[in-house]
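Below you'll find the structure, written out as structure tokens, and then a few comments.
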Amino acid sequence: MLIQLLDVDYFLNGNKPVLRIFGKTENNKTICCLYDKFLPYFFVRKTEENLRKIEELNLNYALEKKFLAIGYSEEPTNVIKIVLNDPKSVPNLREMFNESFDSDILFKYRFMVDMDLKGMCWYEFEGSPIKTHLSKVPTFDMKSIKPVDKNGNAELKFMCIDIECLQTDFSRQIDSKKDSIIMISLSFFPNYKNYEKLVLVAKPFSGKNSIGHVDEKEMLEAFLKIIEDYDPDVVTGYNIMSFDLPHILDRLKKYDLSPAIGRSDKIVFSRPAQITGKSDNKLQVQDITIPGRIVFDSYQILKRDVNIRLHRYDLGTVVRELIGEKKGDVKFQEIPSLWKGDVQKLIDYAERDAVISLKLVLERRLLDKFIEISKISGVLLQDSFGGQTVRIETLVMHEFKRRNMIMPLKPSKQMLDKRAEEKIKGATVLDPKKGLHKTCTLVLDFQSLYPSIIKVYNVSPDSLVFGETSVKCNTSPTGAKFVSGDIYNGVFPTIIRELVDTRQRVKKLMKLSEGEDKRVLDAKQHAIKILANSMYGYCGYIRARLYTHEIANSITAYGRSNIEKTKNVVEKNFPAEVIYGDTDSLFLKTDITDMEVAKDLGESISKFASQGELVFEFEKIYKSFLILAKKRYAGWKFVKSDKGWEEKIEMRGIETVRRDWCKLVTETMNSVINIMLKEGDTKKATDLVKTILQDILDGKAPIEKLIIIKGITKSIDSYDGTMPHIELAKKMRNRNPRDPPKVGERMEYIITRGKDLISKRAEHPEYVAKYNIPIDSEYYIYNQLLPPIERILSSVGIERSELFGGGKQANLMSMFTNKVSPVTICSSCGKIHRRPPLSMVCDCGTSVALRT
DNA sequence: GCTACTCGGGG
DNA sequence: GTGTACGAGTAGC
């Protein structure tokens with residue numbers, strides 16, 4: 001029978017482990033395979049002392065020869081393989097030896113690597129059906145299993161969960177000990193019976209897609225029954241890992257109901273992920289696993305997706321931006337009253353949340369990428385949502401198995417401290433030639449620089465040569481030696497080569513495919529690219545098993561020497577000046593204004609400066625280019641496509657949208673950058689800023705563009721410092737004690753004019769509009785507008801004083817003095833002092849004259 | 001410019 | 001579960 005591997009775990013049968021594989025068949029049925037012929041083991045070096053210890057402990061062992069992971073060696077090392085019955089006894093046992101290998105690899109992964117099993121890949125197994133209470137799906141006693149070459153995926157069953165709770169006290173955080181669950185909203189794909197969606201209600205009620213119950217306990221029992229009955233592969237929802245699931249588990253516990261919602265009798269595993277430092281027992285990141293099923297929390301996935309950047313990650317924003325849907329409009333404070341009154345409205349709301357959460361996952365095909373990551377790296381689908389480290393280590397372990405190599409342990413605490421002190425010298429970031437460049441800037445970069453370096457110089461822990469040697473080596477700029485690739489190919493270069501080859505194949509296939517297939521292939525090629533690019537980071541990551549300081553340092557050193565060489569070669573041979581470069585890229589200023597000419601030059605430079613496998617790619621043309629500092633620039637990018645030249649403004653490191661900046665700042669920044677790049681007119685940009693400053697002073701700036709937003713995160717009395725949004729919240733509580741702003745609300749505010757602390761002058765926008773309260777021009781100019789704008793303008797040599805200078809000066813200042821009095825103005829930098837400084841010296845160093 | 005601290009999502 | 005783990009943005013120095 002063929003299965004696609006969904007999940008693996010084990011249980012103890014007597015004192016021996018039984019592995020359990022959950023898989024999907026070709027016709028989308030779920031089955032379980034049991035295998036009891038695999039035992040845990042690990043290695044220690046063969047020494048007299050170790051042998052004696054093993055005899056004393058009466059352990060099962062065998063003598064073997066294995067290659068170690070770090071350091072090149074022509075001969076394997078003598079080791080002892082210790083075999084046990086219970087995986088849980090390994091941690092204690094390994095402590096008996098001062099060094100061991102492979103002894104902290106999760107048992108299910110030990111099994112998977114040895115049997116050549118990878119997450120979400122297809123396998124053919126032989127076995128006979130057996131009856132057992134150990135799994136809730138048809139089960140087989142497995143005799144053998146082997147990989148088959150098969151594309152495509154079985155169809156998975158999705159169940160989406162969203163709960164509503166009855167919070168009894170809004171002055172604290174929600175608490176699963178005190179606050180009951182009043183609704184469990186579910187949505188399904190494919191349908192459950194004929195339900196596409198279903199809301200369970202914790203009191204008697206009848207409606208179309210809802211089922212009422214006597215109380216919370218009965219509702220929870222109904223929920224348990226449905227999950228067992230529907231038997232989902234994927235349990236999903238928005239923020240379910242940190243909210244819905246732990247809350248449900250806690251409530252189940254309260255009523256003494258079994259939390260075994262998986263495909264086996266095994267209990268759901270849940271723990272709060274350790275958060276650094278103190279924990280104010282607030283639910284943070286949880287890690288919940290359900291045996292045989294996949295828990296997929298779209299919130300956790302989306303907030304870490306670098307290709308999707310949103311300013312907020314609440315469900316409302318996410319569904320609006322990603323699938324164009326609207327969320328229901330019930331505020332959480334309204335829930336208690338709806339529960340007492342309009343229950344149907346609350347049901348509709350709960351229903352909608354579960355429906356759009358599922359739609360989000362399905363329509364955006366959020367799982368695709370992770371299925372591909374599993375197939376490539378070998379991790380279980382459930383483990384593919386985490387970081388790159390597990391992915392690389394799993395990939396490496398499969399390669400180790402083929403090479404008869406053994407794996408060092410994860411670093412101990414002491415080791416971590418030691419590693420943390422070893423600094424790795426980073427990449428070269430060239431000093432930018434700051435300012436606005438009005439002729440074409442060509443951008444070229446090395447195609448996957450670090451993976452290429454690893455490949456070209458055979459950089460790998462197992463090819464690193466210690467001490468003197470007569471073997472042929474590559475010597476890195478740091479002096480580290482790597483045995484030449486034609487003598488021995490290291491694990492890392494081999495893996496990278498395979499990844500690169502696979503990616504090329506996938507990309508070719510992609511060109512021939514369409515629609516859904518194409519999308520899956522794109523996910524795949526992208527996952528491969530990221531994985532290949534992570535190898536360098538892995539080597540320098542202190543928690544990595546194969547952390548090798550020397551390697552991380554060598555890779556960056558090769559990179560630095562490479563970009564340095566390239567810079568010289570290009571400047572010597574082409575009419576171009578290097579005005580910036582970062583890690584693997586060079587920004588070349590030319591005196592060209594014609595796109596076609598620029599393109600030709602870029603292409604010749606690319607040909608000339610590429611060196612074999614190190615390809616120096618012509619990336620793009622900026623018709624004009626503004627650079628403020630390292631890693632902060634904007635360019636007017638031109639790309640030639642079938643339809644001719646396409647253009648767009650590209651920004652890197654210049655933040656234009658931030659929640660604590662009002663709209664006016666964002667808009668002004670965008671305008672200034674646009675004018676500079678597209679019109680090359682710094683004077684026009686300066687004038688625009690002056691006009692806006694004037695508008696602020698005149699009170700002409702529209703209120704809605706001055707709104708700043710900050711959220712209330714705890715009880716407003718428990719804040720130590722004074723912050724504008726909290727002070728406003730307190731004010732609003734005084735005005736309307738019956739409906740005070742609560743935890744979780746986001747406060748919009750405007751800073752108004754006055755003599756108090758800034759935070760005391762925060763006011764609600766509606767209040768400001770209603771009573772026509774004057775805004776604090778000074779605040780908006782000095783705290784909001786000027787800091788970011790000044791960074792842009794000063795790069796082209798325009799100083800703050802110029803914004804207040806020129807013909808308008810008298811007018812501008814008089815406007816100010818008329819409205820806010822009295823003030824002192826610095827004649828040099830233009831800073832306005834509410835009171836003259838005692839020293840009579842301005843921050844800029846100039847003496848200020850009293851001019852009020 | 002650096003380090004220390006806070007907060008996110010959910011109701 | 002052969003466990004031990006965030007990450008960006010901001011305030012404060």
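Letters A, B, ... are given to chains in the order of the sequence lines, protein chains preceding strands, and every chain is numbered from 1. Note that these values count all heavy atoms, side chains included, but never hydrogens, waters or copies made by symmetry.
Backbone-only contact: A/Pro91 has heavy atoms under 4.0 Å from sugar-phosphate atoms and none from a base. Among the atoms of the strands shown, only primed sugar atoms or phosphate atoms (P, OP1, OP2) are found under 4.0 Å from some heavy atom of A/Tyr313. Across all strands, A/Tyr41 comes closer than 4.0 Å to base atoms (heavy-atom distances). Among the protein residues, A/Asp162 comes within range of the sugar-phosphate backbone only, with heavy atoms under 4.0 Å from sugar or phosphate atoms but none that close to a base. Across all strands shown, A/Arg543 has heavy atoms under 4.0 Å from sugar-phosphate atoms exclusively, and none from any base. If you check every strand for non-hydrogen atoms under 4.0 Å, A/Asp314 touches sugar and phosphate atoms only. Contacts of A/Asp175 with the nucleic acid, taken as non-hydrogen atoms under 4.0 Å apart, are absent. Contact annotation for A/Ile105: base contact, defined as any heavy-atom pair under 4.0 Å involving a base atom. A/Leu93 comes within 4.0 angstrom of nothing in the nucleic acid, heavy atoms only. A/Ile163 comes within contact range of the sugar-phosphate backbone alone, with a heavy-atom separation under 4.0 Å but no base atom that close.
For the P atom pair drawn from C/dG1 and C/dA5, the interatomic distance equals 14 Å after rounding to whole Å. Comparing the C1' positions of C/dC6 and B/dG9 gives an interatomic distance of 14 Å, to the nearest angstrom.
For A/Tyr299, the side-chain atoms get nearest to B/dG8 when compared with the rest of C/dG3, B/dG10, B/dG8. Comparing C/dG7, B/dG10, C/dG1 by their nearest atom to the side chain of A/Gln173 picks out B/dG10. The side chain of A/Lys303 lies closest to B/dG8 when the candidates are B/dG8, B/dG10, C/dG7.
Between the CG atom of A/Leu380 and the P atom of C/dG1 there is a distance of 10 Å, rounded to whole Å. Protein atom CG of A/Asn92 is 10 Å distant from nucleotide atom P of C/dG3, rounded to whole Å. Between the CD atom of A/Gln388 and the P atom of C/dG7 there is a distance of 11 Å, rounded to whole Å. If you measure from atom CG of A/Leu302 to atom P of C/dC6, you get 21 Å, rounded to the nearest angstrom. Rounded to a whole Å, the CG atom of A/Leu19 is 14 Å from the P atom of C/dG1. Separating the CG atom of A/Leu322 from the P atom of B/dG9 is a distance of 14 Å, rounded to the nearest angstrom. Across the protein-nucleic acid pair, A/Arg110 atom CZ and C/dG1 atom P stand 17 Å apart, rounded to whole Å. The nearest whole Å value for the distance from the OH atom in A/Tyr349 to the C1' atom in B/dG10 is 9 Å.
In this structure, A/Phe38 has its ring center closer than 6.0 angstrom to the ring center of A/Phe107.
Residue A/Lys410 places no side-chain N or O under 4.0 Å from the OP1 or OP2 atom of C/dG3. The phosphate of C/dG9 has neither OP1 nor OP2 within less than 4.0 Å of any side-chain N or O from A/Arg309.
Of the N and O atoms on the side chains of A/Arg20 and A/Tyr35, not one donor lies less than 3.5 Å from an acceptor on the other residue. At a cut-off of 3.5 Å, with distance as the only test, a side-chain donor of A/Thr168 or A/Asp179 sits close to an acceptor on the other residue. Between the side chains of A/Asn92 and A/Ser89, no donor-acceptor pair is found at a separation under 3.5 Å.
Of all the heavy atoms in A/Arg312 and A/Thr317, the pair that sits closest is O-CG2, 3.7 Å.
When the shell of 6.0 Å around NZ of A/Lys108 is examined, it contains more than 12 heavy atoms from other residues, nucleotides or ligands.
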